[in-house]
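On a predicted model such as this, the values are computed, not experimentally measured, just so you know.
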Amino acid sequence: MQGPPHITRRTLLGGSLALAGAAATGCAIPVGLGSSQTRVQYWHFLGASDGIIMNQMVKAFAKDNPDIFVEENVLAWGEPYYTKIAMAGSGGRSPDLATFHLARLAGIGAGAILDPINVKLLEEVGLRGADFSPPIWERAHLDGVLYAIPFDAHPMVQYYNTEICGKAGLLGPDGKLLPTTGVDQLLAMLRKAKDAMGGKPPLAFDALGLGTVGPWRVWYSLYPQSGGTLLSDDGTQITIDDAKALQALRLMAQLGKEGLCDWRTDYGASVANFTNGQAAFLWNGDWETTGLKERKTPFNMTRFPNVFGTGAAQADCHAFVLPHQRDRDPEVERATYRFIAGIVKNSADWAVAGHVPAYLPALEEPDYLALQPQSEYRSVITEVALDPQVWFTGSASRMWIEFGEAFSPVISGERTPEEGLAAAKASLNRLLSAPNPFPAQER
C-alpha cells in the first residue's frame, strides 16, 4: 500500500485557514457519498491548526486511496467528547475510528467502550510495536491488550524569546539557548533574563485561574525527573515520595517569591505575555508553535529543563482507538487500518502543529529534521512523564484540575509547599475512594 502523497509544510499551513470554518462546525465533510467507496467514520476533537492539518492529511489519503471515503466528524474537545464516545461505544453504534488522549484510556472502559486493536491487521498495513516510542506503546495496552495506536506526544516544552535571551547573554554561538542542568543553573538563567527585562518576571505559565492545570503540568515535569511516582502499578496505592515532591514544590514557590514567574497569569495571559515579548520563557505544551509563528514572535523551543536528574516532561499523547461496535464490518475494518497506517506513517507532516511523532521512523525523516523549531525537542519522546493508568487521570480530568488547585497557591505564596502537597494527596485519596464508572468486570 502506498502512503499519502507528500505534503509540504507550505501546503499545510499556507492558504488553508479557510478550512477552519468547516472544522469548527463539527460536521462531516462529505466526499463521495453514494459511490462504491468504503466509508470510514472518523471522530476527532482536533481544532485550530491541529484540525486544519488533520483535514489536509485526510484529503491527501483520499487522493491516494480513491476506494476509501473517510468521513470526518469534529466534536467539542474535553469532557463532552469522551461522554459521546462512551455513549456511542456502550450502545455498540459508534464510529469506526476516533482520536483519543492516551491518558484517558484506563478511564473509558476499554473492552466495553473500546474494542481491542487487531494486531494482525495492524501488521498487515506495516505498523509494528517496535516502531513506536517504548513507553508510549506500553501505555497503549491495558492488562496486556492493545487498545490504542499511538500517534504523537505533546509534552511540556520550554519556549524562549530569542531577542530577550540574546540580550541576556543566554544564547550560544549557534543562536540557541544554552542548556541548563540543576536548580542553580535554571535560577541563574531566569535571573539573567529578569535583569535584561528590567525586573519583569521572565517566565510565564498558567499559574492561576478557574480550572487551571498549569501548576500540575509544571510539577509533573519536575517531580518525575527525580524518579517520583504517584501510584502503585495497580493504581490502588499512593506512592508519592514526600521529599522529592516537596523539592519540586519548593522550586515552584521560589519562582513566585523571587518574581521569576508571574503567578497572576491564567492560560491566555501567559501565552499573551510571551507572544508580546513580556516574558522571556514560556512553559507550556508544544501546541502553541503555529500560533507564535503566525504572530511572528521571535522564538525558539527546546526541551523542558533538566532540573532534578533527567529530561522528563509531563505529556499526553494523541492516539487512534476503535469505539465498540456490535458487528464490525470486515471491509470497513480493513479500510480503517489502511487509513490509520497512512496517517501514522506520514506523522512528520502532523508535526507541523508542534507535536512529536510517536512513530520513530518519522523522527529520522529529512523533512522532519528540517522542521524548526519542532525537531529541537524530539528526543523527549522516550522520556515522557505519562499519567498513571487509572480512570480519573488524563486531559481535562479531575486529577489535573484538583492538583492545579492545590499547587497554584504554593506559587503565589498563599500556601506552603507542605500544605500544597497535603491538599494534593487528600484529593488523590478522594479520587481513589470514588467508584470506578468502568469496573474491571465490565471489560
Side-chain angles (χ1 to χ4, degrees), residues 79 82 85-86 89-90 100-117 119 129 132-150 153 155 213 216-217 219-246 248 309-310 312-317 319 321-322 324 358 382-404 406-407 421-443:
E79 203 63 45
Y82 292 103
I85 291 287
S90 62
F100 222 69
H101 283 109
L102 197 57
R104 280 283 186 146
L105 193 60
I108 202 66
I113 303 302
L114 304 178
D115 288 336
I117 301 299
V119 178
F132 292 85
S133 162
I136 296 175
W137 182 255
E138 179 183 352
R139 191 54 59 89
H141 292 73
L142 281 174
D143 300 326
V145 179
L146 183 66
Y147 281 100
I149 303 166
V213 296
W216 151 258
R217 285 187 168 127
W219 181 78
Y220 205 61
S221 293
L222 296 168
Y223 171 60
Q225 291 186 355
S226 59
T229 60
L230 282 182
L231 297 172
S232 57
D233 289 342
D234 62 4
T236 63
Q237 302 293 323
I238 296 177
T239 59
I240 292 177
D241 183 315
D242 285 8
K244 293 176 179 178
L246 287 171
T310 71
Q314 184 274 331
D316 201 348
C317 309
V321 298
L322 306 177
H324 174 61
T382 57
E383 290 191 273
V384 286
L386 303 173
D387 284 21
Q389 271 191 336
V390 289
W391 67 267
F392 51 77
T393 61
S395 295
S397 67
R398 285 308 311 169
M399 189 186 77
W400 284 30
I401 293 171
E402 291 189 20
F403 270 61
F407 296 155
L421 181 58
K425 291 171 77 171
S427 293
L428 198 51
N429 269 312
R430 285 195 300 272
L431 291 167
L432 282 171
S433 63
N436 184 342
F438 301 105
Q441 62 265 27
E442 293 184 12
R443 290 179 183 165

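For D387 against G394, the heavy-atom pair with the smallest separation is OD2-N, 2.9 Å. The minimum heavy-atom distance linking L428 with F392 is given by the pair CD1-CE1, 3.7 Å. The two residues P388 and T393 come nearest to each other via the heavy atoms O-OG1, 3.0 Å. The minimum heavy-atom distance between L222 and A248, with the atom names listed, is CB-CB, 3.8 Å. Closest approach of P116 to V145, counting heavy atoms only: CB-CG1, 3.8 Å. Residue L231 comes nearest to T239 through the heavy atom pair N-OG1, 3.1 Å, listed as atom of the first residue, atom of the second, then distance.
Counting heavy atoms from C-beta on, the side chains of M399 and V390 never come closer than 4.5 Å. Residues L142 and Q389 meet the side-chain proximity criterion, which asks for heavy atoms closer than 4.5 Å.
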*asked:* side chain to side chain contact (heavy atoms under 4.5 Å, CB included), that's the test. Do I401 and V213 meet it? Break it down for me.
replied: CA-CA 5 Å; I401 293 171; V213 296; 4.1 Å; yes
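Every residue meeting the side-chain hydrogen bond (donor to acceptor under 3.5 Å, both in side chains) condition with S395, not counting sequence neighbours, appears here in chain and number order: D316. For F132, the ring-ring contact (aromatic ring centres under 6.0 Å, His included) partners two or more places apart in sequence, or in a different chain, are W137, Y359. By the side-chain hydrogen bond (donor to acceptor under 3.5 Å, both in side chains) test, H324 is found to be paired with D115, residues two or more places apart in sequence or in another chain being considered. For T382, there are no side-chain hydrogen bond (donor to acceptor under 3.5 Å, both in side chains) partners, not counting sequence neighbours. Taking the side-chain contact (heavy atoms from CB on, under 4.5 Å) definition, one finds that T310 meets it with Q225, A312, E383, sequence neighbours left out. Residues passing the ring-ring contact (aromatic ring centres under 6.0 Å, His included) test with F100 are Y82, sequence neighbours excluded. Here A140 pairs with L102, L146, A148, P150 under the side-chain contact (heavy atoms from CB on, under 4.5 Å) rule; sequence neighbours left out. Residues satisfying the side-chain contact (heavy atoms from CB on, under 4.5 Å) criterion with A245, sequence neighbours excluded, are W219, Y223, I240, L421. Partners of E138 under the side-chain hydrogen bond (donor to acceptor under 3.5 Å, both in side chains) rule, at least two apart in sequence or in another chain, do not exist in this structure. The side-chain contact (heavy atoms from CB on, under 4.5 Å) search around T236 returns S232, D234, not counting sequence neighbours.
Applying the salt bridge (Lys or Arg N to Asp or Glu O under 4.0 Å) test to residues at least two apart or on different chains, the pairs with a partner in residues 100-114 are E79-R104. Sorted by first and then second residue, the pairs that involve residues 425-435 and meet salt bridge (Lys or Arg N to Asp or Glu O under 4.0 Å), not counting sequence neighbours, are D242-K425, E402-R430.
Distance check: L322 CG to I113 CD1 gives 13.5 Å after rounding to the nearest 0.5 Å. We find the OG1-NZ distance between T229 and K244 to be 8.0 Å, quoted to the nearest 0.5 Å. Considering OG of S133 and CG of L386, their distance stands at 8.0 Å, rounded to 0.5 Å.
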